[in-house]
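What follows is a set of notes on a single structure, which appears directly below.
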Amino acid sequence: MTENRDITIETAEAAQERAAATPAGEDKSRPTSPVCGHKCKFITRNVNVFYGEKQAIFDVSLDIPDRSVMALIGPSGCGKSTYLRCLNRMNDLIDICRVEGTFLLDGEDIYSGDIDPVLLRARVGMVFQKPNPFPKSIYENVAYGPRIHGLARDKTELDEIVETSLRKAALWDEVKDRLDAPGTGLSGGQQQRLCIARAIATRPEVILMDEPASALDPIATARIEELIDELKENYCIVIVTHSMQQAARVSDRTAFFHLGRLIEEGPTEQIFTAPREKQTQDYITGRYG
Amino acid sequence: MTDRTHNRAHEARDRAEKQGASEGGAAGPNGRIDWHSPQMLARLRRRHAANRRMKFIGLAAIVLAAGLLSILVGSLLKSGLPAFRQTFITLEFDLKPELVKPQNMRRGNWRKIVKEGLLRALPEDMRKNRKLRRKVLKIVSRSAPYALRDHVMENPHLVGRIIPFDVLASDPYDQFNKGLIPEYIVRGERKRPNPKLGGPEVVRAFRVLKEQKRVHLPFNWGLFFNADSRLPEAAGLAGAIVGSFLTLLVTFLISFPTGILAAIYLEEFAPKNRFTDFVEININNLAAVPSVVFGLLGLSLFIGFFGVPRSTPLVGGMVLSLMTLPTIIIATRAALKAVPPSLREAALGVGASHHQMVFHHVLPVAMPGILTGAIIGMAQALGETAPLLLVGMNAFIPDISNMGLTEPATALPTQIYSWADSPERGFVSRTAAAILVLLGFLLAMNALAIWLRQRYSTKW
Ligand SMILES: Nc1ncnc2c1ncn2[C@@H]1O[C@H](COP(=O)(O)OP(=O)(O)O)[C@@H](O)[C@H]1O
Ligand SMILES: [Mg+2]
């Protein structure tokens, strides 16, 4: 695995070559993150995204280590959400959106024909900015994903999945007596944790969060952040946030985007204390954004 | 870079505009805004005045609309309400076997039985009056002998007995009993008996019956449960109600599934290209086509080409479904569009396929809106007259026992049209009553739509 150490300068061709050379999913091909020592979950190379004529992402190459939190920061409109939504192919739904580049999840190209976006989205779960539980019962909210993917053989197994997912999302104790109550009746923070439980229920490897706390009050935000801290033991988490304090609190690595370009990426501590780029410096000291 | 420069330009322009506005007189000498300057106060007054004006005009419009509506409903109620009660006369009939002809009751002399029943109730002197004997049947409906016959045919053991039976009063005497027509017609100096009532001796006989408390004015169930008739006092809406129901059933079965599926396809699955744009424009135009055109289409295509039987609920329903289809499609698309995108993202985000997203999440949320649209479309169809007239759905149906999808029928609006065309006085109030019944059905359907929306709409 040592030959893969220096992944940050690996070229797209090399990455593709490697993906082609090794059968998908084989652990051998997964490079180790240079920082935390964990494996890299996502390797993305030369990503360009266009909305019609307008280019929103310019040549971004970024690696996302497993079992850690990667924060994407940058001024609004800089393409954080766009990049994030490429990782579970949510951009496919926008007619005018065109995605170029290489996205390797465990070495598998997620934009190749081999991976169906429907299954990809079970493996790469997503939590949105505004809590969006289904207007159904709390139980149904969590059980829906496992049910459509056939992850439970019977009702007891489904009940188990629902319970463990709600427990992992730190919501079980609050809702265990009212699983039949509508999910939309919960408080904002509870709704967001329900959405996290819903994402966890399909046993994803990656959880994408697009400003998951921006619609919540400080206490609910703190609970979400605690939760993220627990979840990173088992999942690869990519979080978009407009709050630099939040990025500093929850993330292991931080990527700074500006005007569709990745300006700088590195360990969170380094980005916030000793950024290499002037633009990063300006942003984190609040000179723009 | 473009974003930021754009923002700066924007801000600069905003500032410039603000300054421009303040030059209108509100800026004080040191550039501070003087909120109490005369110009500022005058402007404020103008704005408040505009507010009040708008409120007043709106209120006036509402008063006018409500006034016109109450005039309409008021006049309908005034002429229609009397038809919701009907005059009956209780008489005893002597079912003598020689008149009843028990072997073949259809050939019995029921007119004579009814006439004798009337005369029995009258005092001796009246009974002997030749003139009255000749005209006494004017009091009861011409349908009375048949009603009595049908009653006896159903209960043959009554033959030979004297039985009490309620017969319908004739239309003139029904009107007279309700006080709608006068006993005498006064024209200038001359005052003559109302010819419709058959002369003073008949009126006197009716008074006697009334004194004997034989004349009743109960609720007119016949209006709902009788078939149509040439006699206003016996005519009812049963045929029209059944016909309308069957027609709407056909309309619903055709347009509801077709409309919803078409809308789902167009809104959720169709690629956005010229062809779908073209289809969309055409559907919107279809909703604006006058209904009579659909009637002509039905006449030439369904009846002329496909050979669907004329005058039937089947062809009527087919024509009306052409009309409701665009309404349902447009309502369904609007309901689907109104489903928040966040719900779609949520479904797709856990790995639902497109079709699962639509049928598990979007459709249930849109359903109340879809049903509301469908019911409103059906209500429109219920009130539609012209296309039904064109396909001949104004048949005279004196007997509702063999109504069916492929039997000739009539519907509520076409029944109203036929009755409105009849000269008898009784049909005037029956027409108004039928309109009230139709309005009642429409009101009920709209109430159902509102209830559905309130009851089943998703609470976020
Ligand atoms: N659906 C879309 N259609 C067209 N342009 C879009 C769309 N979504 C985002 N954009 C554009 O892409 C750029 C990046 O947007 P986004 O990824 O949402 O930024 P961020 O999440 O960092 O605020 C913006 O300039 C935005 O206007
Ligand atoms: Mg965003």
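Every value quoted in this text rests on a predicted model; they were computed, and no experiment measured them. Worth knowing before you read on, the calculation uses all heavy atoms, side chains too, and leaves out hydrogens, waters and symmetry mates.
Contact annotation for residues 440-452 of chain B against chain A (heavy-atom separation below 4.5 Å): no residues qualify. Residues of residues 180-193 of chain A that come within less than 4.5 angstrom of chain B, heavy atom to heavy atom, are Thr184(A) in numerical order. Of residues 319-333 of chain B, not one residue has a non-hydrogen atom less than 4.5 Å from any non-hydrogen atom of chain A.
Using bins of under 30°, 30° to 60° and over 60° for the plane-to-plane angle, the ring pair Phe103(A)/Tyr83(A) lands in the tilted bin.
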Residue pair Asp106(A), Lys41(A): steps toward the salt bridge (Lys or Arg N to Asp or Glu O under 4.0 Å) verdict: CA-CA 5 Å; Asp106(A) 285 346; Lys41(A) 196 71 191 171; 3.0 Å; yes

*For Glu264(A) and Thr280(A), run side chain to side chain donor-acceptor pair (under 3.5 Å): C-alpha distance rounded to whole Å, both residues' side-chain angles, the deciding distance at 0.1 Å, then the answer.*
CA-CA 7 Å; Glu264(A) 184 170 358; Thr280(A) 319; 2.8 Å; yes

Q. Going through the distances and angles, do Arg274(B) and Asp277(B) end up as a salt bridge (Lys or Arg N to Asp or Glu O under 4.0 Å)?
A. CA-CA 5 Å; Arg274(B) 282 196 168 178; Asp277(B) 281 352; over 6 Å; no

For the pair Lys168(A) and Glu163(A), evaluate salt bridge (Lys or Arg N to Asp or Glu O under 4.0 Å) and give the outcome as yes or no after the intermediate values.
CA-CA 9 Å; Lys168(A) 281 188 197 161; Glu163(A) 183 176 339; over 6 Å; no

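In this structure, a donor-acceptor pair under 3.5 Å is present between the side chains of Tyr144(A) and His360(B).
The residue among Gly145(A), Cys195(A), Pro135(A) with the most heavy atom pairs within less than 4.5 Å of chain B is Pro135(A). Considering only heavy-atom pairs separated by less than 4.5 Å from chain B, the leading option among Gln129(A), Lys130(A), Arg198(A), Met126(A) is Arg198(A). Taking chain B as the reference chain and counting heavy-atom pairs below 4.5 Å, the highest number among Lys136(A), His149(A), Arg121(A) is found for Arg121(A). Note: Ala347(B) leads Ala347(B), Pro271(B), Pro340(B) in heavy-atom pairs under 4.5 Å with chain A. With chain B as partner, the option from Leu208(A), Leu120(A), Val118(A) having the largest number of non-hydrogen pairs under 4.5 angstrom is Val118(A).
Among the candidates Ile207(A), Asn132(A), Ile200(A), the single residue satisfying the side chain to side chain contact (heavy atoms under 4.5 Å, CB included) test with Val127(A) is Ile207(A).
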Using distance only, find each side-chain donor-acceptor pair of residues 348-359 of chain B under 3.5 Å and give its atom names and separation, not counting sequence neighbours.
{"unit_1": "Ser353(B)", "atom_1": "OG", "unit_2": "Gln356(B)", "atom_2": "N", "d": "3.3"}
{"unit_1": "Ser353(B)", "atom_1": "OG", "unit_2": "Gln356(B)", "atom_2": "OE1", "d": "3.3"}
{"unit_1": "His354(B)", "atom_1": "NE2", "unit_2": "Glu268(B)", "atom_2": "O", "d": "2.8"}
{"unit_1": "Gln356(B)", "atom_1": "OE1", "unit_2": "Ser353(B)", "atom_2": "N", "d": "3.0"}

